[in-house]
A.B. asks: 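One structure is given below, represented as structure tokens, and several questions about it will come after.
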Amino acid sequence: MAATKKTYIVEHLDEELGPWSELEYLAIAKESQEIGSEFHLTSLPLGFKVPEALAAIPAFKAENRGVEEIYAADKSRVCLLDPAAKKDLSPEDGETFDVFLFGGILGDDPPRDRTSELRKKGFEGRRLGPVQMTTDTAVRVTRLVVEGKTPVDKIPYVDHPELKFSEHESTQMPFRYVTDKDGKPIMPDASSFPGMVELIKKDSDKAIDDMF
Ligand code: SAM
């Protein structure tokens with residue numbers, strides 16, 4: 001297959017779209033826009049209200065149909081990014097597939113394998129290495145492999161980084177992240193509302209409060 005425009009699909013599997021997922025999806029949409037790819041959020045419940053900031057990005061498309069229905073006649077174009085797949089994603093997969101499918105699930109520790117809901121639909125699967133990533137990281141890594149032609153094990157990562165909020169407050173993230181040129185984990189931070197680090201801090205403050 002010639003170099004075609006890639007489509008990144010997140011099949012919405014959680015009950016609702018919480019602030020974490022919204023930030024992740026916004027990051028995916030912005031990065032897809034920058035490189036001329038598309039980002040589709042599929043299987044949205046009827047009447048689902050797409051956040052304005054997302055809807056405003058031209059590369060973004062909201063779909064009520066599920067991926068199985070959309071690609072019923074074209075399954076071989078779709079690659080499921082699956083932590084349990086036997087083979088890792090390779091740059092050559094960019095010639096075989098033009099649609100890359102991800103589970104719209106927040107990461108959990110230990111992972112509950114909710115990607116299995118998509119595996120059952122019979123799409124060909126590829127792994128992005130052995131460590132669980134956030135959905136936006138998984139899309140970023142896929143893009144670097146299939147569009148940037150970088151092998152999955154040559155991408156700079158940090159596993160389970162510790163986020164320090166102050167001298168006495170920190171929390172460890174149970175995921176793998178791509179790092180930036182300063183070696184820092186790349187996480188979504190939207191300018192229009194609180195970024196990921198603020199959300200993480202809020203959640204960890206709540207967890208501490210709940211202990212008392
Ligand atoms: N705990 C999860 C589960 O229940 O499967 C992993 C969810 S992860 C936060 C969201 C999505 O990112 C997954 O459904 C998968 O598509 C992709 N993903 C994350 N890490 C991956 C990896 N190491 N290999 C392949 N895909 C991955």
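Both ligands and their constituent atoms are indexed starting at 1 by order of listing.
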A.B. asks: So do the side chains of Arg143 and Glu31 get within less than 4.5 Å of each other, counting heavy atoms only?
C.D. replies: yes

A.B. asks: May I ask you to test the Val131-Phe175 pair for a side-chain heavy-atom distance under 4.5 Å?
C.D. replies: no

A.B. asks: Which protein non-hydrogen atom lies closest to atom 4 (O) of ligand 1, naming both residue and atom, and how far is it?
C.D. replies: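 Of every protein heavy atom, Arg114 N, 2.5 Å lies nearest to atom 4 (O) of ligand 1.
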
A.B. asks: With side chains defined as the heavy atoms from C-beta onward, is the minimum distance between Arg176 and Pro130 less than 4.5 Å?
C.D. replies: yes

A.B. asks: Taking all non-hydrogen atoms of both residues, which atom of Leu54 and which atom of Val50 are closest, and how far apart?
C.D. replies: CB-CG1, 4.1 Å

A.B. asks: Would you check if Leu128 and Asp88 make a side-chain contact, meaning some heavy-atom pair closer than 4.5 Å?
C.D. replies: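 A side-chain contact is absent here, since even the closest heavy-atom pair is not under 4.5 Å.
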
A.B. asks: Any idea which atoms of ligand 1 are less than 4.0 Å away from a heavy-atom of Ile105?
C.D. replies: 9 (C), 10 (C), 14 (O)

A.B. asks: Can you find a heavy atom in the side chain of Val10 that is under 4.5 Å from one in the side chain of Thr135?
C.D. replies: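 When only atoms from C-beta onward are counted, Thr135 and Val10 do touch, with a gap below 4.5 Å.
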
A.B. asks: Is the contact between Pro83 and ligand 1 made by the side chain, the backbone, both, or neither, using heavy atoms and a 4.0 Å cut-off?
C.D. replies: both

A.B. asks: Taking the side chain as C-beta and beyond, is there a heavy-atom pair between Met133 and Tyr177 under 4.5 Å?
C.D. replies: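 No, their side chains stay 4.5 Å or more apart.
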
A.B. asks: Closest non-hydrogen protein atom to atom 9 (C) of ligand 1, residue and atom name please, with distance?
C.D. replies: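 The protein heavy atom lying closest is Met133 O, 3.2 Å.
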
A.B. asks: Which residue and non-hydrogen atom of the protein lie closest to atom 5 (O) of ligand 1, and at what distance in Å?
C.D. replies: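 I find the closest protein heavy atom is Thr115 OG1, 2.6 Å.
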
A.B. asks: Quick check: do Phe102 and Tyr8 have side-chain heavy atoms less than 4.5 Å from each other?
C.D. replies: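 In contact.
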
A.B. asks: Under 4.0 Å from any heavy atom of Asp113, which atoms of ligand 1 are there?
C.D. replies: 3 (C), 4 (O), 5 (O)

A.B. asks: Check each atom of ligand 1 against the heavy atoms of Val131 and keep those under 4.0 Å away; list them by number with element.
C.D. replies: 23 (N)

A.B. asks: Counting only heavy atoms closer than 4.0 Å, does ligand 1 sit against the backbone of Leu80, its side chain, both, or neither?
C.D. replies: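 Looking at Leu80 and ligand 1, no heavy atom falls under 4.0 Å.
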
A.B. asks: Is His12 close to Pro45 at the side-chain level, that is, under 4.5 Å between some pair of heavy atoms?
C.D. replies: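 Yes, their side chains come closer than 4.5 Å.
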
A.B. asks: Quick check on contacts: which atoms of ligand 1 are under 4.0 angstrom from a heavy atom of Arg112?
C.D. replies: 1 (N), 4 (O)

A.B. asks: Would Lys6 and Phe100 count as a cation-pi pair here, with the cationic atom under 6.0 angstrom from the ring centre and within 45° of the axis?
C.D. replies: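 Not flagged: Lys6 not positioned over aromatic ring of Phe100.
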
A.B. asks: Going by the closest heavy atom to atom 24 (N) of ligand 1, which one wins out of Asp88, Leu89, Leu128?
C.D. replies: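 The residue whose heavy atom sits nearest atom 24 (N) of ligand 1 is Leu128.
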
A.B. asks: If you have a sec, work out which protein heavy atom is nearest atom 16 (O) of ligand 1 and how many Å separate them, to one decimal?
C.D. replies: Leu81 O, 2.6 Å

A.B. asks: Considering only non-hydrogen protein atoms, determine which one is nearest to atom 11 (C) of ligand 1 and report residue, atom name and distance to 0.1 Å.
C.D. replies: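 Residue, atom and distance for the closest contact: Gly103 O, 3.5 Å.
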
A.B. asks: What is the nearest protein non-hydrogen atom to atom 2 (C) of ligand 1, stated with its residue, atom name and distance?
C.D. replies: Gln132 OE1, 3.4 Å

A.B. asks: Measuring from atom 18 (N) of ligand 1, which candidate in Gly104, Pro130, Ala138 has the nearest non-hydrogen atom?
C.D. replies: Ala138

A.B. asks: For atom 10 (C) of ligand 1, what's the nearest protein heavy-atom neighbour? Residue, atom name and distance, please.
C.D. replies: Thr135 OG1, 3.2 Å

